Amino acid sequence: FILIINNLKLGYLRVSVMITNYLSPTSFVVSVKRLPNIEFYTQRVTLPSISGGQLDVPTPLNPFYTSQTGLEYAPLELGFIVDENMQNYLEIFNWLQGITSPQSSDLYKSIKNSEDGIESDITVLVSNSHKNPNVQFTFYDCFPTDLSSINLDITAQDINSSECTATFKYTYFSVENI
């Protein structure tokens, strides 16, 4: 729990106690306009780290450190179960292929001129212990940079769902309490 101590008034101490629960790592929803088949199948989201870094300024004695002028954002990773028609995998595959246009520039043009465009915002809505929306992360101008492999193995003892991870770069993200 969190203990908040307020200022002294008239010789006594006023103490306010606010009890909060721990963040549940299983209460979240992912929404990507460009990827309608990903929301239900998302199993994991790695909320990325941010870094302000430092700028080293050499001096004759000891180096002087100062903060950088901007933030560095780690990539956003979404882990999902691949559906049997591979629709969610193919949505990301086609997006990635279209923006990198390995066969022709026509693929890039079709993605760029589509209603969704090259980039899409991704929203991660984290719920509280009562399953109510609590905190919203919005990642702006996202595009895929990596789509992991899918393992197909006939020798597996247990039948598990095939999973995949998509990695996205973005311009920045915001965090908002709901």
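Since we're looking at a predicted model, the values are computed, not measured. These numbers come from the heavy atoms of this one structure, side chains and all, not from hydrogens, waters or symmetry mates.
Proximity of Phe139 to Pro48: side-chain heavy atoms (C-beta onward) are separated by under 4.5 Å at one or more points. With a 4.5 Å cut-off on side-chain heavy atoms, Asn134 and Val126 do not count as touching. In this structure, Pro144 and Ile99 have side chains that are in contact, with non-hydrogen atoms separated by less than 4.5 Å. Between Val30 and Thr123, the closest side-chain pair of non-hydrogen atoms is not below 4.5 Å.
Judged purely by atom type and a 3.5 angstrom limit, Asp141 has no side-chain atom pairing as donor or acceptor with the backbone of Asp121. Under a 3.5 Å cut-off, the side chain of Asn128 and the backbone N or O of His130 do form a donor-acceptor pair. Side-chain atoms of Trp95 never come within 3.5 Å of backbone atoms of Leu35 as a donor-acceptor pair (strictly under, hydrogens ignored). Checking side-chain atoms of Arg44 against main-chain N and O of Glu77 turns up no donor-acceptor pair under 3.5 Å. A donor-acceptor distance shorter than 3.5 angstrom exists from the side chain of Asn88 to the backbone of Ile81, with no hydrogens or angles considered. At distances below 3.5 Å, not a single donor-acceptor pair connects side-chain atoms of Ser27 with backbone N or O atoms of Ser127. Checking side-chain atoms of Thr145 against main-chain N and O of Lys169 turns up no donor-acceptor pair under 3.5 Å. Side-chain atoms of Asp83 come within 3.5 Å of backbone atoms of Asn85 as a donor-acceptor pair (strictly under, hydrogens ignored).
Judged purely by distance below 3.5 Å, without hydrogens or angles, the side chains of Thr138 and Gln136 pair a donor atom with an acceptor atom. There is no side-chain donor-acceptor pair under 3.5 Å between Asp116 and Ser114. Residues Tyr22 and Ser129 bring no donor and acceptor atom of their side chains to less than 3.5 Å of each other.
In the hydrophobic cluster analysis, where Ile, Leu, Val, Met, Phe, Trp and Tyr join through side-chain heavy atoms closer than 4.5 angstrom, Phe28 is grouped apart from Ile178. Under the 4.5 Å side-chain heavy-atom criterion for Ile, Leu, Val, Met, Phe, Trp and Tyr, Ile38 and Phe93 are members of the same hydrophobic cluster. Cluster annotation: Val29 is not connected to Phe80 through the hydrophobic network of ILVMFWY side chains, with a link wherever side-chain heavy atoms come within less than 4.5 Å. Hydrophobic clustering (ILVMFWY, side-chain heavy atoms < 4.5 Å, transitive): Leu90 and Val32 are in one cluster.
Put simply, CD on Glu119 and CD1 on Ile111 are 12.5 Å apart, with the number rounded to the nearest 0.5 Å. From Ser162, atom OG reaches atom CD1 of Ile150 across 6.5 Å, with rounding to the nearest 0.5 Å. Remark: Glu163 CD to Gln43 CD distance equals 5.5 Å, nearest 0.5 Å. Interatomic distance, CD of Glu115 versus NZ of Lys33, reported as 5.0 Å (0.5 Å rounding). Rounding to the nearest 0.5 Å gives a distance of 8.0 Å between CG of Leu76 and OG1 of Thr46. Atoms CG and CZ, on Leu147 and Phe168 in that order, are 8.5 Å from each other to the nearest 0.5 Å.
The aromatic rings of Phe173 and Tyr170 sit perpendicular, their planes meeting at an angle over 60°, well past the 30° parallel limit.
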For Tyr172 and Tyr140, run ring pair (Phe, Tyr, Trp, His ring centres under 6.0 Å): C-alpha distance rounded to whole Å, both residues' side-chain angles, the deciding distance at 0.1 Å, then the answer. CA-CA 6 Å; Tyr172 67 100; Tyr140 298 95; 4.6 Å; yes

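When all heavy atoms are compared, the tightest approach of Thr167 to Pro75 is CG2-CB, 3.5 Å. Scanning both residues, Phe143 and Ile118, for their nearest heavy atoms gives CB-O, 4.2 Å. Contact record, Cys164 with Val82: CB-CG2, 3.7 Å, taken as the closest heavy-atom pair. Of all heavy-atom pairs between Asn37 and Tyr41, the closest is O-CD1, 3.2 Å.
Not counting sequence neighbours, Glu39 has no partner by the salt bridge (charged side-chain N to carboxylate O under 4.0 Å, His left out) test.
Within 6.0 Å of atom CD in Glu176, more than 12 heavy atoms from other residues, nucleotides or ligands are found, so the atom counts as buried in its surroundings.
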